[in-house]
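A quick write-up on the structure given underneath.
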Amino acid sequence: MVPGVRLVLLGKQGAGKGTQCVRLSRHYVVPHISTGDMLRSAARSGTDFGRQVAEYMRLGELVPDEVMIQVVEHRLDQHDTKNRGFILDGFPRTVHQAEALENLLNPRGLDLVLDLEVPTEVVLERLASRRVCSVCGSIFGIDNPPRRGAICDNCGGELVQREDDTEDSIRRRLELYASSTEPLISWYLDRRKLAAVDGLGVPERVTSRLIRAIDNRRHQLPDVGD
Ligand code: ADP
């Protein structure tokens, strides 16, 4: 069994974080923690909390830091993450969230933060073609089109466009990425936690690059296994 790992994936909307996190989570046998998926599932549940976060998401605004930090703290406190580790997708998104994460993870901290690099023109093209399975959440797009029209290759579910993949929301999310999340790249670089990985090309090739970066880092760490 491969040892566990504690990772964060950074990258613009449409950089391929969701697709890559699913693949990495299978490879390293660690849970994929997507704050976007958690919030979408809360929104579907129709609770007061769900209704509040749904509005932020529809507009492409960030859910307040304190709310997100509580959500993530609760998830990181579960057995699977404690035993094996995790891959965080969508958190942290602000320096304040990154600081809170450091406090939550003390003393061991993260093993590595991966920045999945894709130019803005490419993410815009990918977002326009992005379709997600309404049943299992699998993601398809120009780099990995579904085999049969609007039907999921994995479960046969109907493929739909994400509710927040509208032009206005995409523009706002990319703006917020640049102003609030991109500063994390130098923040983690200063802490010697960052590896930049080219996110262009078919998903398999990107996964190999990510695994290479993670395994390189693991060889440098004293003892990351369990
Ligand atoms: P994307 O990266 O394409 O914006 P996600 O699925 O990661 O999509 O997130 C969807 C929405 O959920 C965001 O636009 C935001 O409203 C909310 N969200 C997710 N994670 C966070 C976070 N860490 N902090 C604040 N808001 C968040």
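Each ligand, and each atom within it, is numbered from 1 in the order the structure gives.
Rounding to the nearest 0.5 angstrom, the gap separating the CG atom in Leu124 from the CZ atom in Arg171 is 10.0 Å.
Protein heavy atom nearest atom 20 (N) of ligand 1, with residue, atom name and distance: Thr35 OG1, 2.8 Å. Arg93 NH2, 3.9 Å is the protein heavy atom nearest to atom 13 (C) of ligand 1. Taking atom 18 (N) of ligand 1 as the reference point, the nearest protein heavy-atom neighbour is Leu39 CD1, 3.4 Å. Of all protein heavy atoms, the one closest to atom 4 (O) of ligand 1 is Arg173 NE, 2.9 Å.
Which parts of ligand 1 touch Glu61 is read off a 4.0 Å heavy-atom cut-off, strictly below it: atoms 15 (C), 16 (O). Heavy-atom proximity to Gln97, at under 4.0 Å, picks out these atoms of ligand 1: 22 (C), 23 (N), 24 (N), 25 (C). Close contacts between ligand 1 and Arg130 involve ligand atoms 3 (O) [criterion: under 4.0 Å to a heavy atom]. If you number the atoms of ligand 1 from 1 as listed, the ones under 4.0 Å from a heavy atom of Gln13 come out as 1 (P), 2 (O), 3 (O), 4 (O).
Considering backbone and side-chain atoms together, Gly90 places an N or O closer than 3.5 Å to an N or O of ligand 1. Looking at ligand 1, you'll find an N or O of Val63 within less than 3.5 Å of one of its N or O atoms. At a 3.5 angstrom cut-off on N or O pairs, Asp164 does not count as close to ligand 1. Remark: ligand 1 and Arg162 share an N or O pair separated by less than 3.5 Å (distance only, no angle test).
Listed by first then second residue, pairs satisfying side-chain hydrogen bond (donor to acceptor under 3.5 Å, both in side chains) with a partner in residues 187-203 number zero, not counting sequence neighbours. Note on residues 113-125: no pairs pass side-chain hydrogen bond (donor to acceptor under 3.5 Å, both in side chains), not counting sequence neighbours.
Between Arg126 and Asp143 the shortest side-chain heavy-atom distance falls below 4.5 Å. Under the 4.5 Å side-chain criterion, counting only non-hydrogen atoms from C-beta, Ile214 is in contact with Leu7. For the pair Leu101/Phe91, a side-chain contact is recorded, criterion being any heavy-atom separation below 4.5 Å from C-beta on.
Few gaps surround CD on Glu204; more than 12 heavy atoms of other groups in view lie less than 6.0 Å from it.
Contacts of Arg40 with ligand 1, taken as heavy-atom pairs under 4.0 Å, involve the side chain alone. With a 4.0 Å cut-off on non-hydrogen atoms, Met57 touches ligand 1 through its backbone as well as its side chain.
Side-chain N or O atoms of Arg131 include none that pairs as donor or acceptor with a backbone N or O of Ile151 at under 3.5 Å. Formation of a donor-acceptor pair under 3.5 Å by the Glu73 side chain with backbone atoms of Ile69 is not found in this model.
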